[in-house]
Each structure stands twice: as C-alpha cells, then as structure tokens.
Amino acid sequence: MVRHRDLAHLLSSNTVPKPLEVVSIQLGIESITTKILQIQSQLSELEEELRAHRAVLSPVRKLPLEILGEIFGLVVDPPLDRDGRSQLLDLCLVCKTWRDAAVLTHRLWSRVSTVEYPMPFKKITDWLSRSGSIPRSFEVIADGRNDCTDVLSACKYTTVALAKMLTDGPNLDHLSLDYSGPQYFRNLVEALHLSKGFSESRTRPWDTVRSLSLKFRTFWNEPPNPSASSFLHIPSSVTSFHLHLPPLGAEGIPRSMATTPLHLPPDLLQRLTSLTIHCDWDGLQVSTALMHCQNVEELTLSFDGLVQFTDLNNPSSGSFSRSEIVLPKLRTLRFRSLSPHNLDVFSFLTAPVLNALDIHFSIEDAEDRLDSGQFDFTQNIHEFIKKRSKCEDTFRSLSIRSAYSTAWELIQLVEGLPSITNLTFADIDYADDDSILFYYNRPTGLPRLETLELLDVSRPDFFFQGLINFVKSRQPPPSKDGRTACDQPPDSLKQLVLTYRPEAHVLEHGHDVSENVERLRRVYGVSVDIGPLSFSNA
C-alpha cells in the first residue's frame, strides 16, 4: 500500500497516478469523507444544543400570558367554526404556557359558529363556558338541503339541540341564526315553547339575548296574519336586531315583493337601539318598520335593490309625507349597496342628533356609471343634514365608499359640512380628473377636521403630494418676520391615512416620501400612515 507521504507529489502536481496510487487516493477520500460526516454530525448536535440554550434566554419566554393571548387572537378568526376551534386547540397543545395563555384570554372562547349535524351541544357549551364574563356569541348556519318539515330530518335534530342550548346552556349576548327560510325559525320557536315548561324555575339563555341576527337566504313564507308571525316571540331582552331578507328572484321568491307581509312587532322596534336591515324588496316594508324606531341610535340599511319610501303609482295607499320618519335618537347611519334608485331615502328621514354618516354605494348598471348627473348625491346629503335634520351641531363623521362622482362634487360636499372632524373617501371612481382633489389649497373648507382617510386610491404618488399641499395650506400664515403667527389657532388635523390598490404604481422617490412623512409628523404634528390596500383592513 502506498503511504500518504508517498502521494505528496501527486497532490501538488498534475502527474497521472499509477494504478496502485489510485487505490490509495480512493481510500484516502473515503477516510476523509467519513471524518467530515462525523464532524458535521457533531456540529449539528452542538448547533441544536446551542439553539436550545439560547431558547432558554429568549425574550419570547418572558412575554406575559396576556400578550401571548393577544397574538393568538390574531391567529384565529372568530366566530370559530369546527376548523377554527381545532386551530385554537392546536395552539394549546404546544406547551403549558401557551395553553395557560389561551385559557386566560377569555375572548378566544366567546364566539362560536357551527354548521354541524347534529349540533354538538355539550362541546359548544363547554367551549363557551371558558369565556368567563366576556359576552358570548353563538352562530348557527342551517343547511338548506334539509327539509325542516320532516320530523326525522337533521334540521329537526339541530332545532331540538339548539332549543336545549337556549334553555339549559350558558347565557348568550348575541345569537345569529342563518336559515334558508322562516320555517326553521318557526320550528325553533315551537321547540322553545315546549321547553319552557321544563325551565320555569330559571331564566333561559333565550330570554336574556341582547343581540339577535336572523338571516333568511332563499325563501319567504311569512303568514298573512300578524298574530301568527314568529317575530312576536323574539325575547323582550333584544335591543339589537339584524334582519337579512331573501333577495328578489331567489328560488321561491317572486319578482315583486310589494305586497309581501313582514310582521315586525312595533314593541320590538320601539325598544331597539341598534337595527340592521338587508332588503331589496320593492315594497314599503322597510319604511313602515322605521316609523316605529324611536329609540334606535345605530341604523344600517342595506338595500341592493328598489326599496321604496313612497308609492308613486298610488299616492293614497299610505305613502309617506316628507316629514314622517323621524329618528330622534339616531347617532350613526350607515347605507350599504346604495344606488341612484334609493337616493330618495334622504328625503324621508330626519335625524336631529346624527353624529356619523357612512355610505357604501353600489352601482351595477353601466348607465348609472356613465351618467354622473343622475348620481349627484351632494345635494341629497346637504339637504338631509342641513335642512331636514338640522344636525350640524352634532354631525362629525362622513364616510363615502365606492361612489361614482367628480372631484369637484366631493369638494363641494365636504365644504358644505364644516362641522366634520372625521372624513373618509374610499374606492372613489372619478368621472373627471381626480388631480384636483385635495391638491389645490382649501384652508377654510374643513376647519375642524382631525382625521382624513383616502383609501383604495389608484394614484398614491399624486394623492400623497396633494395631501402635503393640503396640510401646508391649513397652517396659520407666517408673520412679517417669517415666524408662525402666535395669535392663530393651531390646525386641528392630527391623522392622515393613505392606502392604494395592489395594481397601483407604488410610491416613487421613497426617500422623499419618508422625509415628507417625518416633516408632517415633526413640524405639523400630523400622524401619517401609508401602505397598500391590505393595510387599511389590518
């Protein structure tokens, strides 16, 4: 065998090895490779041991359980369905500390959703019992494929289980029932009526529900006689009510619902402080209900259709005058899926103490998007706030989303409402050049403005420059010596938020942007947040 020192001339030259030398070289390679693998194995073990030692000193171990619980709250998305509950249990299985953190964070256990058949009564009851004193929320989504009239159907079993939970389970703050039609809810009311005889000695969770949401997806069969309506059995404890009615054209729903009954008891409507109605029916059901909402402080109307506030074809049939729907305690008014067809709602509502107006437009027809004149909502809003409601002393917040408008119309809109402190424009489709929005100096238009949000913009570069000009124009004029005049009140603006669409060009000249942001914060005292669209949903 050739010794290693006899191979030195080969390692330092290009000499061709002899056959015996080749064998020796190969053996050397194998020996060196084995040693390398051994050392690598030892290195991996040492690195793993090092990581374990460092983990002991990791700041994560020092995180309070409350902080870990807040982090877990960002991981799971309530209300928790079966998968969500499984995800939270997986977090609990990591270690004792994580389990303690999850158990300590009661809100993680306070909101549950289920679509399971039969409904796992004990599991859900045990889960909600971990929520401590946090208000509990329970959501049931019924499978529309089951016939609820069949005594052996899964729907019947689920109704019985739900009735048991609402009789013997934990108290609930919010209950959400997502059904195909009213028959499901009618069956639940009947089951609760039967169970009431077995629970006379205690107050049932059903009788203490504060917030109730009823969603009917595909059909409607409310009886003509109001005394037979299931809505009469809604608990007197309910002060927040969300009603989602099936859409026109759905299975079993006629193309017109003008004469379809909707028996919402006046005493229910009168005690509500919060009401949400999602309806696209072409009748007077919504406007009739609103006449009884004397104590509502928060109202959300989602039309998505031709909801009427007057019967133009038959004025004598009970159509409303322009002063009958008065909501004396309304503070927050939201519209969803508002279209040009529904703008007459502003002519029939009066809200004398309104604080916030939030409008989300929905324009599906091309004609509506092309005819900006048909969609000029500035006058509607001004007349509603300044003339009908006369609420300028209390009005503070305006949010406009998904509108088709001109930039000038938006400027006229806000300048006619000088009491605004919070203003949001989101996803605006401009009929003209958006370059004039907030670009030209408008120092006296919004004297009380504190927060300005421009969300989902298509041109972040230009809008940001316009915001800079807007902020500068609001500052007190300098005195003759170049200093800021001390006798002028400081600007009220404290926060700017700008988000842009994913397909939009990112902000160019990032260094200049950072400098301007820092200057707005340092010199003008304005907090500035800029980011992509997802930022606004964080």
Side-chain angles (χ1 to χ4, degrees), residues 1-78 80-105 108-109 127 130 460-461 499-518 529-538:
M1 179 68 63
V2 178
R3 292 173 296 182
H4 182 272
R5 63 175 176 269
D6 297 330
L7 302 176
H9 68 287
L10 295 175
L11 300 176
S12 60
S13 69
N14 289 329
T15 303
V16 177
K18 299 176 181 178
L20 188 59
E21 293 174 332
V22 170
V23 174
S24 297
I25 291 293
Q26 290 175 340
L27 291 174
I29 291 174
E30 293 176 0
S31 175
I32 294 172
T33 301
T34 300
K35 291 180 180 179
I36 290 175
L37 292 175
Q38 291 174 347
I39 295 174
Q40 286 179 338
S41 177
Q42 294 175 0
L43 179 61
S44 296
E45 293 176 0
L46 289 173
E47 288 177 340
E48 184 62 32
E49 189 174 350
L50 177 61
R51 282 193 293 268
H53 278 71
R54 286 177 173 171
V56 174
L57 302 179
S58 171
V60 175
R61 290 202 177 196
K62 301 178 183 179
L63 283 177
L65 297 182
E66 294 82 0
I67 299 299
L68 281 174
E70 291 299 316
I71 294 174
F72 296 162
L74 299 175
V75 174
V76 296
D77 185 21
L80 301 183
D81 57 12
R82 180 167 55 184
D83 291 339
R85 298 194 294 274
S86 177
Q87 186 180 19
L88 180 55
L89 292 177
D90 287 342
L91 293 174
C92 293
L93 294 175
V94 171
C95 63
K96 183 178 182 302
T97 300
W98 282 31
R99 181 186 182 279
D100 292 343
V103 171
L104 180 65
T105 310
L108 297 176
W109 313 87
W127 186 280
R130 300 187 182 101
D461 273 342
T499 66
Y500 48 85
R501 302 169 189 174
E503 69 274 11
H505 296 294
V506 298
L507 288 167
E508 299 177 357
H509 312 297
H511 180 68
D512 294 338
V513 170
S514 299
E515 286 186 351
N516 282 316
V517 168
E518 179 60 27
D529 296 313
I530 302 177
L533 180 60
S534 58
F535 175 84
S536 64
N537 298 325

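Atom set for the values below is all heavy atoms of this structure, side chains included, hydrogens, waters and symmetry mates excluded.
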Practice task
Write out all pairs satisfying ring-ring contact (aromatic ring centres under 6.0 Å, His included) with one or both partners inside residues 43-72, taking only residues at least two apart or from two chains.
Solution key: Phe72-Trp98
Exercise for the section: With sequence neighbours excluded, tell me which residues meet side chain to side chain contact (heavy atoms under 4.5 Å, CB included) with Leu104. Expected result: Leu65, Glu66
Exercise for the section: Name all residues meeting the salt bridge (Lys or Arg N to Asp or Glu O under 4.0 Å) criterion together with Asp77; count only those two or more places apart in sequence or in a different chain, and write none if there are none. Expected result: none
Fill in the blank from the handout: By side chain to side chain contact (heavy atoms under 4.5 Å, CB included), Val56 pairs with (sequence neighbours left out) Arg61
Practice task
Using salt bridge (Lys or Arg N to Asp or Glu O under 4.0 Å) as the criterion, list what pairs up with Lys62, not counting sequence neighbours.
Solution key: none
Completion exercise
When every non-hydrogen atom of Gly84 is compared with those of Val76, the smallest separation belongs to O-CG1, 4.4 Å
Problem - Residue list, side chain to side chain contact (heavy atoms under 4.5 Å, CB included) with Thr15, at least two apart or on another chain - result: Leu10, Ser13
Problem - Qualifying salt bridge (charged side-chain N to carboxylate O under 4.0 Å, His left out) pairs with a residue from residues 90-102, counting only residues at least two apart or across chains - result: Lys96-Asp100
Fill in the blank from the handout: By side chain to side chain contact (heavy atoms under 4.5 Å, CB included), Arg51 pairs with (sequence neighbours left out) Glu47, Glu48
Handout entry: Contact summary for Gly69 and Leu108, nearest pair of heavy atoms
Key = O-CD1, 4.3 Å
Problem - For Gln87, side-chain hydrogen bond (donor to acceptor under 3.5 Å, both in side chains) partners two or more places apart - result: none
Completion exercise
Minimal heavy-atom distance between Trp109 and Val103, with the atoms involved, is NE1-CA, 3.8 Å
Completion exercise
To the nearest 0.5 Å, atom CG of Leu93 lies from atom CG of Leu88 at 10.0 Å
Hey, can you pull the donor-acceptor pairs under 3.5 Å for the side chains in residues 28-42, sequence neighbours left out?
| unit_1 | atom_1 | unit_2 | atom_2 | d |
| --- | --- | --- | --- | --- |
| Thr33 | OG1 | Ile29 | O | 2.7 |
| Thr34 | OG1 | Glu30 | O | 2.9 |

